[in-house]
Number of protein chains: 2
Amino acid sequence: MENVVPLALNGLMSAVTYFCTLQAIKKFAPKFLQRGRFGIDLCKSSGDRIPESLGVVTGTCFLVQVFIFIPVLFLLTSAHGVFRHDLLVEILAALLSICSMMFLGFADDVLDLKWRDKLSLPTIASLPLLGVYYVNFNGTTVLVPKPLRFLLGGSLNLGPLYYIYMCMLAVFCTNAINILAGINGLETGQSLVISASISTFSFVEYFLRGELGHVLSLCLMPAFFGTTLALYKFNKYPSKVFVGDTFCYYAGMTFACSAILGHFSKAMLLFFIPQVLNFLYSAPQLFKLIPCPRHRLPFYNRENGLLLPSTTTFRTDTLKPNGVRVLRFLQLFRLVKVEQHQEPHTVEINNLTIINLILVFKGPTNEGELVRLLMRIQIFCSLVAFSCYYAIGQVLF
Amino acid sequence: MENVVPLALNGLMSAVTYFCTLQAIKKFAPKFLQRGRFGIDLCKSSGDRIPESLGVVTGTCFLVQVFIFIPVLFLLTSAHGVFRHDLLVEILAALLSICSMMFLGFADDVLDLKWRDKLSLPTIASLPLLGVYYVNFNGTTVLVPKPLRFLLGGSLNLGPLYYIYMCMLAVFCTNAINILAGINGLETGQSLVISASISTFSFVEYFLRGELGHVLSLCLMPAFFGTTLALYKFNKYPSKVFVGDTFCYYAGMTFACSAILGHFSKAMLLFFIPQVLNFLYSAPQLFKLIPCPRHRLPFYNRENGLLLPSTTTFRTDTLKPNGVRVLRFLQLFRLVKVEQHQEPHTVEINNLTIINLILVFKGPTNEGELVRLLMRIQIFCSLVAFSCYYAIGQVLF
């Protein structure tokens, strides 16, 4: 446990970084407006220009803290005669993936790339991570859950499949936060909850159960939490700045790196329950089984300032057979609100995001209240995740 | 010399990357125009919109090649039972500095930051480099040239000063290319000459003289040369794309990383002779001893399509004493063209860049011819550098 002092110092540093980030956002936000990097809040009637892509500023602050922390960590630990070259490699590889994701995310913000590119960018950015995983560990063996061991044995070597799994995990994490977005403070709020959960989890695993792989996430998470908290102060309802794809991408990549190199990717997915549900619920629209409009954020009712679920109207006879099946399935479990139009075969359904689904159940809601509700769900899911991991996980593995 | 095969493979890979980069530039250039990332060529009468910051595309291609090369290198060398953890750390640190420089360079392109920030961005980006240098080597001892040894001894430990030197080197390299710019193809052209020189130098040092530190630059330079050559095809006179600060910054950082981690920073500066001269000549304007207009590129004469030196007009009695001294010094050596205006104490001088100085000596010149001349100077200086290093260097050290 030679890392106690540097890790405590990292916590202190992130408090300093938090205040620096606040100042940096204040200083640079007007610059974004001047240079035309702004968006209009579609869920407000004011039509104000809000600075966009402020993730660039917080991302830079995040990098600076970790850059400064690296020599501190190794100076303090090598005093104990322990020099972990492999840990240095891991931190650098993780930062390289995160930094390329920032760069590509900002390029996406500025150039507004196609959906296809949004999948290839995280794949590119995860290359250093996979390369270093290959060079450093190349461990592609996974434990098989106890109930399945009679079938598959105690462990299973997945080989190249494991690399595909890790790459897909990076693509999922980077896009998951980007999909569950669109209302004030949701991207930063959920990232805060997830990073707090991962920090707690890694803290417990590292200090109480001696899982050394978690040291990486203890290096990255405080800086991420500090900078994101500063961003949240400006991004929360009502937003004074927007975070941009830059933020969503690097946030996801930070989580993916911590989990992959810390060998707790399954546990991490437990903290992504709302994102996973949102992805599964969105899948029919993302994979074009059901028509998908360009924006799926809730519809803003200018008269009373409340949000309603946004909808898509289409002819059911234009759907592919699988689209019809999915729609029937969702109707069966009352997971979609379908309105029959007067024209034959024409229906209007709510767009398939959990934000819209909540609005279907709850009726018209104020934006601030909706975000708070979603945050509460995220926190609740994290608590469930902890219980699952420590109760059920012990039975399964 | 277990690295022969992977390094040869790296050369082949960069040929492939060259063609991929050509395609990528073709594909993405129109996207830059659409999203408003364009500039007007001030040395043409057409007023066409030229896509700006294409360094983002070539930078991404550069990163992808090196990302893919890392596992290849370590797979092939570990077959020989040699696994150089320290080399992996160096490559990752170099890439991290280069990648953060790309990110910050693109942020500068989009947000058009102030002069002060242009100095702080490379400082931030050089942090991982310095951190890893500290952790990996922490060698701050330099050889003293033979003629000075009677005074200082055979070697000198510079301590923290050495880190300041490395940081300033990174700041210098990133900005040097940015300052010697403004006419078509100059940024990419000079980078090509420098990277070809560094490649040749490292090849000789590594394979013929067994200097193992040069393996890093042999890993980075081929990818850089391939992607930059593709960019040059589009950027050369008459430019179809502009490269942006993104390119100038990451090009400089790539050179700085290779030199710092390869321990040949003095030799590298020899390949920067035109940039060093341009910096020294520009210094009076950069440090505000003499008034500096926002743009110092040559003046375009619409009537005959030739370039003339651009000028600055000011009152000599507003200059500080040091400004007056510098001006007298330049006049003494005929390094500036001064025209006395009719109003008392008012003079007009050419802006202090070597591009303008060449135009002063040579008279009105076509842009294409001017670039070719500058390229020839750069190549000539590289040849001089090689001679200096192998002839005079052997005498001095």
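To find a chain, count down the sequence lines: A is the first, B the second, and so on, and within it residues start at 1.
With chain A as partner, the option from B:Ser53, B:Ser100, B:Gly131 having the largest number of non-hydrogen pairs under 4.5 angstrom is B:Ser100. The residue among A:Ile70, A:Leu92, A:Leu111, A:Val110 with the most heavy atom pairs within less than 4.5 Å of chain B is A:Leu111.
Interface remark: B:Val57 contributes no atoms to any contact with chain A (heavy atom separation under 4.5 Å). For A:Leu121, no part sits under 4.5 Å from any heavy atom of chain B, backbone or side chain. In this structure, chain A has heavy atoms under 4.5 Å from both the backbone and the side chain of B:Phe32. Of the atoms belonging to A:Val66, not a single heavy atom falls under 4.5 Å from chain B. With a 4.5 angstrom heavy-atom cutoff, A:Asp117 touches chain B only via side-chain atoms.
The backbone N or O of B:Asp109 lies less than 3.5 Å from no partner atom in the side chain of B:Asp245, so there is not a single donor-acceptor pair.
Relative orientation of the B:Phe62 and B:Tyr250 rings is parallel, given thresholds of 30° and 60° on the angle between their planes. Taking the six-membered ring where the residue is Trp, A:Phe247 and A:Phe224 present parallel rings, their angle staying beneath 30° rather than reaching 60°.
No salt bridge links A:Asp112 with B:Lys31; every basic N to acidic carboxylate O contact stays at or beyond 4.0 Å.
Put simply, the side chain of A:Tyr249 reaches to within 4.5 Å of the side chain of A:Asn175, judged on heavy atoms. In this structure the side chain of A:Lys26 reaches within 4.5 angstrom of the side chain of A:Phe234, judged on heavy atoms.
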